[in-house]
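Counting convention: from 1, in listed order, for ligands and their atoms alike. Position 1 is the first residue of the sequence; numbering continues from there.
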Amino acid sequence: MQTNPNLKKDLSFDDFKSEVLKDYTLAVTSRECSLLGRREVLTGKAKFGIFGDGKEIPQLAWAKAFKNGDFRSGYYRDQTFMMAIGEMTIQQFFAGLYGHTDINHDPMSAGRQMGGHFATHSLDENGNWKDLTKQKNSSADISPTAGQMPRLLGLAQASKIYRNVSGIDTTNFSDKGNEIAWGTIGNASTSEGLFFETINAAGVLQVPMVMSVWDDEYGISVHAKHQTTKENISEILKGFQRDEDNKGYEIIRVQGWDYPALIDAYTKASKIAREEHVPVLIHVNELTQPQGHSTSGSHERYKNAERLAWEADFDCNVKMREWVVSNSIATDEELSAIEKDIKKQVRDGKKAAWAAFNNPLLQERDELVSIIESVASTSSNKAFIIKLKNDLASIVEPIRKDILSTARKTLRYVVSETSSEKTQLTHWINSYIEKMQPKYSSHLYSHSKYSALKVKEVKPTYDTSSADVDGRLIIRDNFDAIFSKYPEALVFGEDAGHIGDVNQGLEGMQEKYGELRVADVGIREATILGQGIGMAMRGLRPIAEIQYLDYILYALQIMSDDLATLHYRTQGRQKAPLIVRTRGHRLEGIWHSGSQMGGVINLVRGMHVLVPRNMTKAAGFYNTLMETDEPALIVECLNGYRLKEKMPTNIGEFKTLLGVVETVKEGSDITLVSYGSTLRIVEQAAKELTEVGIDAEVIDIQSLLPFDLNHDIVKSVAKTNRLMVIDEDVPGGASAYILNEILNTQNAYAQLDSKPLTLTAQHHRPAYGTDGDYFSKPSAEDIFENVYNVMHEMNPVDFPKLR
Ligand SMILES: Cc1ncc(C[n+]2csc(CCOP(=O)(O)OP(=O)(O)O)c2C)c(N)n1
Ligand SMILES: [Mg+2]
């Protein structure tokens, strides 16, 4: 076997040897972590383990090509890489396995994700950007296979924007767009649509993306023959290979145990992607899984003896060892000494991680035990309490659940007693929960000074010359103002570029701001979303347009799994302030209704969801969001683009507040709550109700997430004592969420004189056409009659039965 000329170039033998041995040491370290990690799970110290064994050597080669400013978007096998770029120590590896909730111990997720989900910190503890060009970056992993792909596209596209769009302040984010976005994926996960969608999109966009496929022939127990046509991903992607006439990919194949060939492959890939902005696919095959897929099972169940024997022989660490010895780089003894030393280092690191994880828990436990002892001493239920205490004290490795549940159960035994010991226990429980809950629940939304909730309202202003114009012109002129104020803002979507979107809210913007900032893209909603996430993670301010709300379902998985969880799953150390723009609400037809808000809001906690009833409100939301560091979805009401609104004089400046409702009609008999296009119908019905002497108050929610932060709705209900939520989603959809907010969060039940009602669409999706709409969604007559019935029940004399 030949040594790698690139590696040897300009290096003395000693330097070369030390570089190789450093790599080998890392490979052994990573392997030892996997082996010991599995044992920690099997002995019950950790819940679940999924490790990078069998994938070590390619990751060493990749790490050599990975430069400051670059980004990784990968999956759970990449521990060796994270160690090689200096972003994960042995102790941190084990802290992650145990789920240590201190971010200083588990920098990957502060215990929020299972081990094997990697991340670096793009933000400091105050939510401010760090200089990403001076560090090696890894976007935070998610578990859904191929879920890392859409974001990878955006991470790569950001380099293209930084290289080609002038006027953007690149400080902290880019050095002339020289950064590569590196993806990894398992062979089986390439079966996912997200993989193919991303591969195609990156080929179209020609972005610096290097995609490694770690091919071990299996996806858990399922062999490649069930996964991939011809059992060979690079073979079937051959058509993407670039040639003299066509742009495309560079495709490289390499065996995962061949250290020098891997270094060649990654050196080459890096050069092509970095310099030419051409995407590269590296198919790394002949990899293995020495311990099987994860701690949940054993691979002996589905691999035959021959395969297992081959895996033992072709284990990449074994092969590297053979190469080192046969090329006389180091002796067998030297390597054995390294291995022995590493075994000890990993054991020590593991012990240190366990002590750091366990000691605070022991302390918390001991503190409670002594409180319970004193509670017992004065209680008539002493015997029961002492039993609880003894049970807790006997747990060798207590977790917080053991501790807190014992405290809470103890309190029940003294519920009817009065003692200072009982008060002490109550205080302890309250303060323990107050201290511990944020460890598991903080950072769903921004805590920084850029939080959307800190933006001050600016009202639209008008003067005597303010004309009535089509709503779309307000949106368009407002986007114009945004693009000129924020050079880092960009929008992309189907038909968003050349024609300026299907409703011309972006008319003329591409001519003015160029094809990279106002871009048409392919029909590929999931990667439109991902493109936005990746760019937002690198300091740009993307607006990703999904043409219609109904088609957001293609992107909803990525919104839900990736975008909405990003800030939470990194305990606030990564963010993607992406604005998702779409249109819908009160349209007609099964796939053009724009109504499915319940499905959306329940899946994207971690984002803001706004449904402005007109384009001035919508423009105000965009202006607000541009000042924040949070992701949001704005649903523009499609039938509002042609409705007349007054053109404000302070376009681009006025701001609509999030989480603030608006009372659009005051009334005293019943509170009608709705939003978006449905609100117009509610307003119509409210007008008709006044004709029969019913004075309804109408409230526009406008911001579903966050919801009525000032609790204005309950104030209205306190006045009217009656409540109806009108929503064009299915029964139990968004209306259930709204009712829960009003009844449970705002305690409106105490103010009600009649049953709170929801008026929703039918259970099915809306039928086509005007009649389809009339019979599918709440109509003005439905609203009128339902409100009337409430009044009839209360006062049948003044409001005789209608039908
Ligand atoms: C969307 C989704 N489906 C199923 C799973 C469960 N799952 C986790 S890993 C895995 C197999 C992945 O195999 P491969 O991509 O080849 O990666 P490897 O583990 O072999 O490195 C499966 C099915 C998941 N995490 N996400
Ligand atoms: Mg696999």
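Comment: D141 engages R72 in a salt bridge, judged by a side-chain N to carboxylate O separation of less than 4.0 angstrom.
Of the protein's non-hydrogen atoms, the one nearest atom 6 (C) of ligand 1 is I220 CD1, 4.6 Å. Here the heavy atom of the protein found nearest to atom 13 (O) of ligand 1 is G219 CA, 3.2 Å. Protein heavy atom in closest approach to atom 24 (C) of ligand 1: T145 CG2, 3.6 Å.
Residue W214 places no heavy atom under 4.0 Å from ligand 1.
Aromatic rings from H293 and Y218 are positioned such that their centres are separated by 6.0 Å or more. In summary, the aromatic rings of F66 and F81 are positioned with their centroids under 6.0 Å apart.
In summary, an N, O or S atom of Y218 is located under 2.8 Å from the Mg ion (ligand 2). Under 2.8 Å from the Mg ion (ligand 2) lies no N/O/S atom of D215, from backbone or side chain alike. Among the backbone and side-chain atoms of Q289, none of the N, O or S atoms lies under 2.8 Å from the Mg ion (ligand 2).
Of the candidates R538, K64, R274, K136, D70 forms a salt bridge (charged side-chain N to carboxylate O under 4.0 Å, His left out) with just one, namely R274. Partner of L633 under the side-chain contact (heavy atoms from CB on, under 4.5 Å) criterion, out of I579, V600, L704, V604: V600 alone.
The closest side-chain donor-acceptor pair between R400 and Y440 falls under 3.5 angstrom. The closest side-chain donor-acceptor pair between S143 and H117 falls under 3.5 angstrom. There is a side-chain donor-acceptor pair under 3.5 Å between Q531 and R524.
Taking the Mg ion (ligand 2) as reference, the nearest N/O/S atom within D216 carries the name OD1.
Considering backbone and side-chain atoms alike, P144 places every N or O at 3.5 Å or more from each N or O of ligand 1.
At a 4.0 Å heavy-atom cut-off, ligand 1 touches S189 through backbone and side chain alike. Here D216 has side-chain heavy atoms under 4.0 Å from ligand 1, and that is the only part of it that gets that close. With a heavy-atom cut-off of 4.0 Å, Q227 does not touch ligand 1 at all.
Counting atoms of ligand 1 from 1 in the listed order, those under 4.0 Å from a heavy atom of Y75 are 17 (O), 18 (P), 21 (O).
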